[in-house]
Structures are given as C-alpha cells and as structure tokens.
Protein chains: 2
Amino acid sequence: MRLPTELKPRPVPVPVPAPAAVAPVSATAPVSVSVSVSVSWERYFSRSAHAMVPSEVRSLFSVAARPGIVSLAGGMPDVSALPPDTMAGIVADVVREHGATALQYGSAQGDPGLRERICSVMALEGISARPEDVMVTVGSQQALDLLARVLLDPGDTVVAEGPTYVTALGTFKAAGARVVQVAMDRAGVVPDELAAAFRRLAAEGRPAKFFYTVPTFQNPTGATVPAGRRARILEVCRAAGVLVVEDNPYGLLHYDGEPTRALAADDPERVVYLGSFSKTLAPGLRVGWVHAPAALTAKLVLAAESAMLSHSALAQLTVDRYLRTQPWRERLADFRAGYRARRDAMLRALSASMPAGVSWTVPDGGFFIWLTLPEGMDSRELLPHALAAGVAFVPGTGFYADGRGARHLRLSFSYPPAERIDEGVRRLAAVITAHL
Amino acid sequence: MRLPTELKPRPVPVPVPAPAAVAPVSATAPVSVSVSVSVSWERYFSRSAHAMVPSEVRSLFSVAARPGIVSLAGGMPDVSALPPDTMAGIVADVVREHGATALQYGSAQGDPGLRERICSVMALEGISARPEDVMVTVGSQQALDLLARVLLDPGDTVVAEGPTYVTALGTFKAAGARVVQVAMDRAGVVPDELAAAFRRLAAEGRPAKFFYTVPTFQNPTGATVPAGRRARILEVCRAAGVLVVEDNPYGLLHYDGEPTRALAADDPERVVYLGSFSKTLAPGLRVGWVHAPAALTAKLVLAAESAMLSHSALAQLTVDRYLRTQPWRERLADFRAGYRARRDAMLRALSASMPAGVSWTVPDGGFFIWLTLPEGMDSRELLPHALAAGVAFVPGTGFYADGRGARHLRLSFSYPPAERIDEGVRRLAAVITAHL
C-alpha cells in the first residue's frame, strides 16, 4: 500500500533524558507494537534500480546446476586441480603468522606485497608494471564496476567486441552507457570496422570513451587477436583518442607456446589492464586487479574506498603466500594441460556428433567454444529442449546488447570432466539434429 | 597532452588470417614500438570521478600510523583478542573439507548457511529474520554503497544524524545525493527535529528518501537512543513516508545488561538493517550483511552481481564455521570486557588531565568518545600540534557534510592498550591546555 506522505507527524512531547536517566533497552521487550504495514518499495527505487533486471545468462546457471544436467553453460574453473591440503596449509599459515594483518582492515589499494607479486605475473605478458599503478579488486568484475564509475556518465558510449563478456555489458548498461559492438572474425575484432565505428560515433557527436576488449581466448568466442592486428588496434584507438580496457582473465591459460603479449605491454599510457586469479588460482578468493596510469589509479582507489573500504586482507595474503611459496608457474602448466584435454574432448565430440551446417571455433586457450547453428535456427528456442535432454549452454543473444546472436551459442569446457563433456555435446547434437 | 581526436586512422590493408594461419604472439617480442605519449586522463573522467577527493579523515590515518604516535583516530577492532591458532584451524578446515565450495564462485546473495546463522545473530537484537531477506556484503560499507545505487538518484535527499559516520557521508555524496543532518542530544537524534526536517524538505519539494541512523553506540558520538525515543523515531519516519537505514556494527558490544532492541525489530517493512562481523569477529574477512524487505533485497542482489559477481566463499564459510563451532557468545562477552576496560582507561585519563571547559560523552558500548573543546577552539587547528606531540584524533568537521563540528573531535579507544590510551590522552590534554 502507498503511505500517506502528506500526513504530518502529530506533535508529541519528547523526553530527552541524559544517559544516566536512560532506561536500558531490552532486545526482548518490544518498544512499540510491531507494524506489519507493507511498504511499496518500488516508489523509492533509483532510476538505475528500475533498470536492473536479472540477466538471462545468470538465471540459467541455477537451472544448469540441477543434477543430471551436463552444464556447458557456466565458465567455472576446475578448482579440484588445486591440492586442498596445500591450500589449507597456506591459509592457516597466513592467519597464524600474519593474523594481526590478515584479520584487520587494509588499504583500499590493496596489500603492497601482493601488488609487487602481481607485477611479476604481468611480466609474463610483457608488461613492465610498478606496484603503485596496481590496485587489487574483488575479481575483475569489481574492476569493471569501478572503471564504469570513474569513466562513465549516463549517455556515454562504450565500444566492445560483438559478441562480448555478458556481465561487462550489464555493468556498462547499469552505468547508463550505450554499448556499441563491432564485428569480429576468427582473429578477433576487425580493426577497420573499429576505426569506422569510432569515426561514425565521433560524427554523431557521441565519441567512444573506451574500447572494451578481451583480446586473448575471448569470452565467448575463444578468439585471440594476432600480433600484427594488436598493433593496428592500438593505432586505431590512439588515432581516435579512445582509451582501451583490456580484460585478460585467460591469458596465462594458453595451450601452446608462449603467453600472448598484452596490449598494455605496448601502450601502458592508454590501456587499462584487468587481471584475475579466478581462473589461474581460485575464484573463491575473489582476488583480481587493475593496472592503470597513476591519475586513473588514484580515482579508482577513492572509488574502492567508497565501495567497500578495503578488500579482504586474508584473501590477499593467501594469494601472496601462494605466489611466494608455491611452484605456481609449474602449476599453471598443469592447468593448461587439463583445460587443453577438455577442449580436445569437446572438439572430438563436436566433430563426431554435430550435423552438417553446424560450425564452431577452435580456441588456443581459455574456457570457451562459440558454436554457429544452421541458417534459421534460434539458440533460445533450442535451450528448453536442450535442458529437457540434460544439457545446458548459453544462447548467443546474451553476449550482445541488441538481441543479435540468436544463431550462436557458447559452450564452456572448463568445468565438467571429459566424459561428461562428451555426453553433453552428444545430447546437444541430438537436439539440434531433431530441429533440422 | 591532448590527443588529436580529429586525426583519422590511415587506411591500411588488414590481414584476417584464420587461426591456423595466425603467427604465435610472443610476450617478449614487442608488436609495435612502445608508445610513451602520456594521455591526459582527466578529460575522460566521469562527473562523479571529478567530484571524488580524498577524505581528510582517511588521509589522516596514514599519518596516525607513524611509529611513536598514539592513534586515537582510527576505529580498528582489537583482533589480537582472537585466538590465532583457533582461527587458523577454522580456515584450514574450511579449505580442506569444503574446498570445492570455498575456492569456487558463489551466489551474489551469499552462502545460504551463513545467512541462516546471521538470522540467529540478529535475533539477539529482537529481529525475527528469514535467510532469504539477508544478503552478505563486503562489510557494511558495501551495503551502504549498494543501497545508494538502488535507492538514490542524483539530487535526492538523505537525512542523517549530525554528526554521523564519515564514510556513509562520502558514499551518499558520491551518489549525487544531498545529506541533511539533524541535531542530536546525548540520547541520539531529537525526534521533533527529525519531524521538522522531514516537513521542511517535503515543503521544499525535495522529500527525504531515507533516514540514515547509527542508533546504538553511534560513530562518532557513542550515543545510544533509548527505547521510548526509538518508537517515536519510527513513528516520525512512518508518518513522513521516509525509509530508515539502521547501521548497527557496534550493537553487540554493549558494556552492561542486554543488547539494545534494533529499530528493525519493530518495523521490518520500513527499516533496512546493516550488520557486520568487522567489530565482533575480524574486519579482514570483510563480511557484513544487509537485511531488507524482499523487493529491495532482489534489487540489491542484482546490484551486487554487477559490482563483484559474488563475495569470497572462503571468507563466508570461515565466518559460518566460526559461528557453528566456536563459543562466539562467550567470546563476545570477552570483547565487551576488553573494550569496556579501554573506555574506562580513556575516561579516567580524560578526568585526570583535561582542563576545565572540555567535556566528553560516556558511551555504554562501542569504540568512540566525542569530545567538545572550549568555546573558540578549532580541532583542525589543534591537529598538527597534537601530531607533533605524538597523538592523533579525528577532527569533528569530518562527520558533518557542511563544515560544522570544528569545536568537536572523535577519540577512539578500541585499538591501543590501556597504558597507550592514558599516554595519548595526556598528550592531547597538554596540547589543548597550551592553546587555552
């Protein structure tokens, strides 16, 4: 019910007792008759709250988690690959030896020791970083959220790959920004398309503020931008005066050769780099980071202070100790081998069971394969049948801001064991075949 | 330097190789000459980023942390009161026995088991809560931030106590809200002043959206609102159609008798309740919570998803296991005794050393004492002299949105041992006496 806002409070004499005179308040004795009037909350919501709606992708995850369903939907890492006793020993040592720090408030920028270690992780991708330019975040997601606060006003324009990471789309939209997505091919975003989009937006008087990109083992396509094209993308952004936000949670999960050189390695003044330990260690610690020029980092630290005061010192010191005491590079090699085996299992199953007219990408790292359905088929219509058949995926439309992507879907091979992946793909193939 | 945005990218033929044809990108070989052009970031900042400035209070904490200085400034809990081996054992068991959950992504609303335990904690203050109405947050600070996003549009008005918690002021201002502070006496906010403020704001056409209050052992005054006045405050807010945000991190740190009955216990439909384990367990876990009606909780969960996907499962399961396996009620009694002894040490030192004309509050719980200086004295002018004399405090102006509070200052007794508190107060008294 709506409350009568015009109703004025009745004037009532108010006793103002000094502390000594104050009757102790007992939690068990109600101080007034409990009021069960229900408040119409909607009228108090902000504009952005009214705009908040559950993401179709995240709603799907709860369904996908049902027993019997093979979930190729969520991109959860395989934390069973971590030795539990080792991790237990690390957190216990952190609390025992550094309890006064690990259990206390910390700085909003994050633990200085961890920020140094993070610089050595970024060095693997060619970035020469200074700890003072790093801020620790609650996963990369918080970095995206704080960047949106510090860089975006309602009505601003963000350019992203089409398709792109679903929750980044949601965060930019929540900030009131318009997201324009640029066409990709199998080698990532097409630089000339990007340049054309920047020109068009500038001509419209709504120039892009930044280009959000996942250039390595992209979510959702698995595409990686090759060296020459990276240089060209930076050139296009420089020429247009557009910033770059490089989101790189999968970069160290390459199946062959060397890690890919990050965009931030070649233009640290223009590229904001987002990293995460969620895929290379454990998402349950919620430790990611952002590397940015000093002026931006200073604003991000103020935004983080307002958002949460400081990140968990226990989680940060746990990651720090893991990096200091464990053979983490060797363990990364084990993770790569494990994910590569899962990718191969999915590729084998796709080749063995998918009908003609279905195609898919072949990622060189990361968690995802992007599948294209035969002309005229819609992955959203397919989904309920797939769930009924015991397999879940994410419809391609979730990765676009404008409803495109119906002919595509994302398959994740990061979490289920190989035999489940095989079973899941066969179930999906049967559903697709039945719809031909 | 400003970048030439009008400069169009030169048309260059772009090779679009298929993955097989893509040359592997080495992180060690630069793909383009590293560009050292410095970007003028300020031009990319959002309006709210331009408005972000370091809080005078938080800047002070780094100075206060210098060796030799007795800090009566920060409100850090005494985590040394926790048995380190017990805490180490708890986190180790969580990882060893529940690693698959503790190290993985969780839900944005928080661990269901912990949310049940949180309901039993709230029951101590008379609140009958359901786990589905609780959301776990990164400390109460994140709850304040998410509430600001879900309830406040730029230009909205928030009513708060004068003085009030400094970082809440910052968060509401960052959301573009105007904060109007209502006079308090030693028993908290004055209900008639509150009613008058609501009437005035409604008449101005800018009605208050919510009343932000710390009704128990308030930060910074230590004041607690007695039973009768609580009922009156709820009545005033109901009549004006204003929501209540009850921030209660100190409620279970009462030095005598029973816990104070929460405002939320008597009007759960109108009162949003914020709780925290930062003062009763450990801030390094960053576990707090918000209890709200279902409609608001649903929006807060969506906002949390956008802000960080999910909170640390390790931190949540650690708190859950602590509450399930430890005599936490008995330990709370020990914490109370410890803080009470510190309060008494500070009160003794104040009586022994402060000159005539200085007065202070006597809190029945929590961490803070609010000191009033003689007429004409300014705590901001006093601060550098106090730091030079080896003692830190927070000037009263930090707790007001409009520069008031110069005659007041906040003293915290939660962290230094009794003998340091005594020394710190004597140093401060000498500085004040020298300025008379």
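Proteins get letters first, then strands, A, B, ... in listed order; numbering begins at 1 in each.
Interface remark: S80(B) contributes no atoms to any contact with chain A (heavy atom separation under 4.5 Å). In this structure, the portion of E42(B) lying under 4.5 Å from any heavy atom of chain A is its side chain and not its backbone. Both the backbone and the side chain of L151(B) have a heavy atom closer than 4.5 Å to some heavy atom of chain A. For I90(B), no part sits under 4.5 Å from any heavy atom of chain A, backbone or side chain. Using a 4.5 Å cut-off between heavy atoms, T101(B) makes no contact with chain A at all. Only the backbone of V53(B) comes within less than 4.5 Å of a heavy atom in chain A; its side chain stays farther off. Both the backbone and the side chain of A295(B) come within contact range of chain A, judged by heavy atoms closer than 4.5 Å. In this structure, the portions of P77(B) lying under 4.5 Å from any heavy atom of chain A include both its backbone and its side chain.
Pairing each heavy atom of G99(B) with each of V79(A), the nearest pair is O-CG2, 4.5 Å.
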For this session: Start with the C-alpha gap between L296(B) and Y44(A), add the side-chain angles, then the distance that decides, and say whether side chain to side chain contact (heavy atoms under 4.5 Å, CB included) holds.
Result: CA-CA 9 Å; L296(B) 182 58; Y44(A) 295 100; over 6 Å; no
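For F198(A), there are no ring-ring contact (aromatic ring centres under 6.0 Å, His included) partners two or more places apart in sequence or in a different chain. Judged as a ring-ring contact (aromatic ring centres under 6.0 Å, His included), and not counting sequence neighbours, the contacts of F45(B) are H50(B).
Of the residues considered (V95(B), L281(B), D145(B)), D145(B) shows the highest number of contacts with chain A, using heavy-atom pairs under 4.5 Å. Ranking A313(A), P84(A), A92(A), P363(A) against chain B, the residue ahead of the rest is A92(A), based on heavy-atom pairs under 4.5 Å.
Note on R230(B) versus D266(B): no salt bridge recorded, every NZ/NE/NH1/NH2 to OD/OE distance being 4.0 Å or above.
Donor-acceptor pairing under 3.5 Å is recorded for the side chains of T171(A) and Q141(A).
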